Amino acid sequence: MIATAAFVIAFLVVGVTVVALAFGGGPRGARRNLHGQSRSNNRVAITATVLATIAFGAGIPVAVIAANTDNQSKQAPGGVKLSEAQQDGRKVFAKNCSTCHTLKSANAVGKVGPDLDQLRPVAALTLNAIEEGRARGMGQMPAGLIDGEDAKHVASYVAATAGRD
Ligand code: HEC
């Protein structure tokens with residue numbers, strides 16, 4: 001979100017600078033004006049510059065943001081539509097689980113624990129693994145990494161997306 005805001009502000013600054021230059025015309029523009037170049041010509045050029053600046057300076061960032069918010073949050077591989085809880089679960093997974101587990105829908109490639117795309121755990125199994133941890137021979141998963149809503153959301157998210165592509 002902060003990166004997006006910075007991007008938009010940078011674009012607006014560039015846009016405003018271009019407008020200012022167009023209106024000011026710089027030293028050369030001022031001299032040209034003194035020598036009586038047609039004012040209406042100038043106005044057309046300024047209007048075109050302003051319109052182009054608005055179109056690029058504001059239109060493109062707005063379009064990019066609109067496209068991103070729609071695509072990134074709801075869509076998961078395999079045409080799965082995520083609920084809000086599952087979208088939250090994706091964030092929780094990225095933060096707490098991706099270092100150890102592979103899960104394509106979260107771009108996670110961890111190799112410490114089992115590949116969740118192959119295991120395709122139902123939500124109850126994931127919840128149990130989170131609650132009690134696991135230590136059966138292929139390393140360890142600590143108990144209680146997360147709890148409450150976070151655990152429910154991540155379990156639902158994994159169940160919805162594991163093994164899809
Ligand atoms: C420190 C590494 C690590 C982290 C972090 C981790 N896991 Fe695990 N996980 C493992 C290991 C290792 C196993 C397998 C243990 C075994 O069965 O020997 C495992 C097993 C599992 C299983 C299978 C349980 C079963 O009974 O088959 C699920 C589901 C799972 N993890 C989900 C998660 C989720 C969701 C998170 C994030 C909240 C998470 N893991 C975080 C290492 C980790």
Side-chain angles (χ1 to χ4, degrees), residues 1-22 48-165:
M1 228 22 232
I2 289 170
T4 313
F7 184 67
V8 171
I9 289 168
F11 251 108
L12 288 180
V13 168
V14 171
V16 168
T17 310
V18 172
V19 171
L21 285 179
T49 311
V50 171
L51 288 182
T53 305
I54 293 172
F56 283 97
I60 291 178
V62 165
V64 167
I65 291 166
N68 273 351
T69 44
D70 245 26
N71 283 343
Q72 281 184 348
S73 47
K74 284 201 192 122
Q75 292 283 354
V80 178
K81 280 239 190 280
L82 299 180
S83 69
E84 279 197 15
Q86 289 166 342
Q87 290 170 42
D88 180 59
R90 169 155 59 189
K91 286 185 207 146
V92 175
F93 189 95
K95 219 163 144 194
N96 299 285
C97 321
S98 57
T99 42
C100 291
H101 289 287
T102 292
L103 182 65
K104 218 181 205 169
S105 69
N107 290 330
V109 293
K111 297 270 187 267
V112 180
D115 179 336
L116 296 181
D117 287 319
Q118 281 170 15
L119 188 67
R120 300 192 67 172
V122 295
L125 179 63
T126 303
L127 276 174
N128 181 265
I130 291 171
E131 216 166 277
E132 296 179 1
R134 286 288 187 274
R136 291 187 306 219
M138 54 178 300
Q140 271 204 35
M141 173 162 163
L145 277 170
I146 54 177
D147 55 17
E149 292 292 291
D150 281 353
K152 273 190 218 150
H153 292 174
V154 85
S156 161
Y157 166 69
V158 172
T161 63
R164 315 271 184 143
D165 47 28

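What you are looking at is a predicted structure, and each value in this text was computed from that prediction instead of being measured. Counting starts at 1 for both ligands and their atoms, following the listed order.
L125 CG to R120 CZ: the interatomic distance, rounded to the nearest 0.5 Å, is 13.5 Å. Note that CZ of R90 and NZ of K95 are 15.5 Å apart. Values are rounded to the nearest 0.5 Å. Taking CZ of F11 as the start and CD1 of I60 as the end, the distance is 5.5 Å to the nearest 0.5 Å. From N96, atom CG reaches atom CG of D150 across 7.0 Å, with rounding to the nearest 0.5 Å. Here OG1 of T49 is found 11.0 Å from CD1 of I54. Values are rounded to the nearest 0.5 Å. Here the straight-line distance linking atom CD of Q86 with atom NZ of K81 works out to 12.5 Å at 0.5 Å rounding.
Checking only distances, R136 does come within under 3.5 Å of ligand 1, N or O to N or O.
Here the heavy atom of the protein found nearest to atom 16 (C) of ligand 1 is M138 CG, 3.6 Å.
At a 4.0 Å heavy-atom cut-off, ligand 1 does not touch V92 at all. Neither the backbone nor the side chain of V158 comes within contact range of ligand 1; no heavy atom lies under 4.0 Å. For N128, no heavy-atom contact with ligand 1 is shorter than 4.0 Å.
Those atoms of ligand 1 with a heavy atom of P121 less than 4.0 angstrom away are 29 (C). Of all atoms in ligand 1, numbered sequentially from 1 with element shown, those under 4.0 Å from a heavy atom of G137 are 18 (O).
Within the structure, ligand 1 has L119 among the residues with a heavy atom less than 4.0 angstrom away.
Here atom 35 (C) of ligand 1 lies nearest to T126 when heavy atoms of D150, T126, N96, L145 are compared.
A donor-acceptor distance shorter than 3.5 angstrom exists from the side chain of Q87 to the backbone of L82, with no hydrogens or angles considered.
Counting only protein N, O or S atoms, 2 lie closer than 2.8 Å to atom 8 (Fe) of ligand 1.
Residues satisfying the salt bridge (Lys or Arg N to Asp or Glu O under 4.0 Å) criterion with E149, sequence neighbours excluded, are K152.
Applying the side chain to side chain contact (heavy atoms under 4.5 Å, CB included) test between D117 and each of T102, T161, V158 identifies T102 as the sole match.
For the residue pair R134 and N128, a side-chain donor N or O sits within less than 3.5 Å of a side-chain acceptor on the partner.
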